[in-house]
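See structure below.
Each residue takes its place number in the sequence, starting with 1. Model, not experiment: these values are computed from the prediction.
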Amino acid sequence: MHIELPGAPVAPETGAGPRFLAISDEKSPTLDFERNRSDLGRIDAVLGCGDLEPDYLAFLADAFNAPLLYVRGNHDRDAGWTIGSAHIPEPLDGHFEQLRGLTLAGMSWPGKDRGRAERDGTAAWWQAATTVAKSRLRRQRPDIVLSHVPPRGLGDAEEDDYHRGFSGYHWLCRTLSPRLWLHGHTTTASVDDWRINWNGTVLVNVTGGVLVEIGAAPTVVP
């Protein structure tokens, strides 16, 4: 997927914009092979949107020799996550991160450290309000938002309560209008399209892996 972000920085040596591998929920078997990874070319960062094991995230970051930024999903818990997470950085929760001249913000599954992965719309509103407050304090909106769950009505499965998007995220998207919103959680078979353009934001379901190229003319590479 090639996204146009006006004013996005380019690498002086190549004149090319940032290239990210965004992925969630499902491992991509094609990435197990070095030749396939090599064919993707330069990857400036791996962006994880949840429900992938820490060891797999660490493998991708090492294989592409790229930094890892991620949020946790509803399945990222219990002993397997606790043990494996020692090999990866902390999730992108509650703070902004600069990457290749772009500002990223992230929101993991609300209540990610609880024993059960219960849906919590109130906690999602707190996440959204905190992100908006920090954006206003910094006088800088995020260019890219990572979340596990999509905003309500924007790429979610509205008929499935557990996989319905959060209203608080919808408000955040409307309020800050980030250029790009990456999420998982929703199976691609349950929605009409894995990419939505809404109110100046491109929202993308990155389940299974999407190559995101920041540049001048929008194209799509699922």
Side-chain angles (χ1 to χ4, degrees), residues 1-3 5 8-93 95-109 112 143-148 180-188 194-195 202 204-215 219-222:
M1 181 182 66
H2 194 106
I3 294 294
L5 296 185
V10 297
E13 64 277 10
T14 64
R19 304 177 82 249
F20 305 132
L21 174 66
I23 191 167
S24 74
D25 293 87
E26 300 173 4
K27 296 179 181 179
S28 176
T30 60
L31 296 177
D32 292 342
F33 301 96
E34 191 280 332
R35 179 175 179 178
N36 293 336
R37 298 194 301 269
S38 179
D39 286 344
L40 285 179
R42 185 193 81 252
I43 296 295
D44 293 305
V46 174
L47 307 180
C49 289
D51 283 359
L52 290 171
E53 298 172 356
D55 288 346
Y56 186 68
L57 293 174
F59 159 71
L60 291 177
D62 290 343
F64 287 105
N65 190 28
L68 169 66
L69 283 79
Y70 72 97
V71 295
R72 285 167 59 179
N74 52 301
H75 293 297
D76 297 332
R77 57 188 61 244
D78 300 327
W81 176 267
T82 303
I83 295 171
S85 61
H87 305 297
I88 57 177
E90 291 294 314
L92 182 64
D93 286 334
H95 65 277
F96 289 6
E97 188 79 23
Q98 297 295 316
L99 181 65
R100 281 293 309 269
L102 300 170
T103 302
L104 286 80
M107 297 175 293
S108 293
W109 175 268
K112 63 182 183 300
D143 298 295
I144 301 174
V145 171
L146 308 182
S147 68
H148 182 59
L180 180 62
W181 189 306
L182 306 175
H183 70 86
H185 193 55
T186 308
T187 62
T188 54
W194 56 276
R195 183 186 62 173
V202 180
V204 181
N205 184 345
V206 301
T207 297
V210 172
L211 176 63
V212 178
E213 299 180 278
I214 307 298
T219 59
V220 175
V221 184

Taking all non-hydrogen atoms of both residues, which atom of [X] and which atom of [Y] are closest, and how far apart?
X: Ala58; Y: His87; result: CB-O, 4.2 Å
X: Glu90; Y: Tyr70; result: C-OH, 3.6 Å
X: Thr186; Y: Asn205; result: O-ND2, 2.6 Å
X: Pro18; Y: Leu102; result: CG-CD1, 4.1 Å
X: Gly48; Y: Leu57; result: CA-CD2, 4.5 Å
X: His75; Y: Asp51; result: N-OD1, 2.8 Å

[atom1]-[atom2] distance between [X] and [Y], expressed to the nearest 0.5 angstrom:
X: Lys27; Y: Leu60; atom1: NZ; atom2: CG; result: 9.5 Å
X: Arg19; Y: Arg100; atom1: CZ; atom2: CZ; result: 10.5 Å
X: His95; Y: Leu104; atom1: NE2; atom2: CG; result: 10.0 Å
X: Leu182; Y: Leu180; atom1: CG; atom2: CG; result: 4.0 Å
X: Phe20; Y: Ile144; atom1: CZ; atom2: CD1; result: 5.0 Å
X: Asn65; Y: Arg42; atom1: CG; atom2: CZ; result: 12.5 Å

Passes side chain to side chain contact (heavy atoms under 4.5 Å, CB included), Asp25 versus Thr187? Steps please. CA-CA 9 Å; Asp25 293 87; Thr187 62; over 6 Å; no
Would you say that more than 12 heavy atoms from the other residues, nucleotides or ligands in this model lie under 6.0 Å from the CG of Asp39, or not?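 Yes.
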Evaluate the side-chain hydrogen bond (donor to acceptor under 3.5 Å, both in side chains) criterion for residues Thr103 and Glu97: first the C-alpha distance (whole Å), next the side-chain angles of each, then the deciding distance (0.1 Å), finally the verdict. CA-CA 6 Å; Thr103 302; Glu97 188 79 23; over 6 Å; no
Under 3.5 Å donor-acceptor, Asp62 side chain and Phe59 backbone: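 Not a single qualifying donor-acceptor pair exists.
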Counting distance only, does the side-chain N/O of Ser85 pair as donor-acceptor with the main-chain N or O of Trp81 below 3.5 Å? yes
Is the closest side-chain donor-acceptor distance between Ser108 and Asp93 under 3.5 Å? yes
Between Val71 and Met107, is a side chain to side chain contact (heavy atoms under 4.5 Å, CB included) present by the stated rule, with each step listed? CA-CA 6 Å; Val71 295; Met107 297 175 293; 5.5 Å; no
Decide yes or no for [X] and [Y]: does some side-chain heavy atom of the first lie under 4.5 Å from some side-chain heavy atom of the second?
X: Leu211; Y: Ile43; answer: yes
X: Leu47; Y: Val212; answer: no
X: Tyr56; Y: Ser28; answer: yes
X: Ile214; Y: Asp143; answer: no
X: Asp44; Y: Leu99; answer: no

Can you list everything that forms a ring-ring contact (aromatic ring centres under 6.0 Å, His included) with His148? Sequence neighbours excluded, please. His185
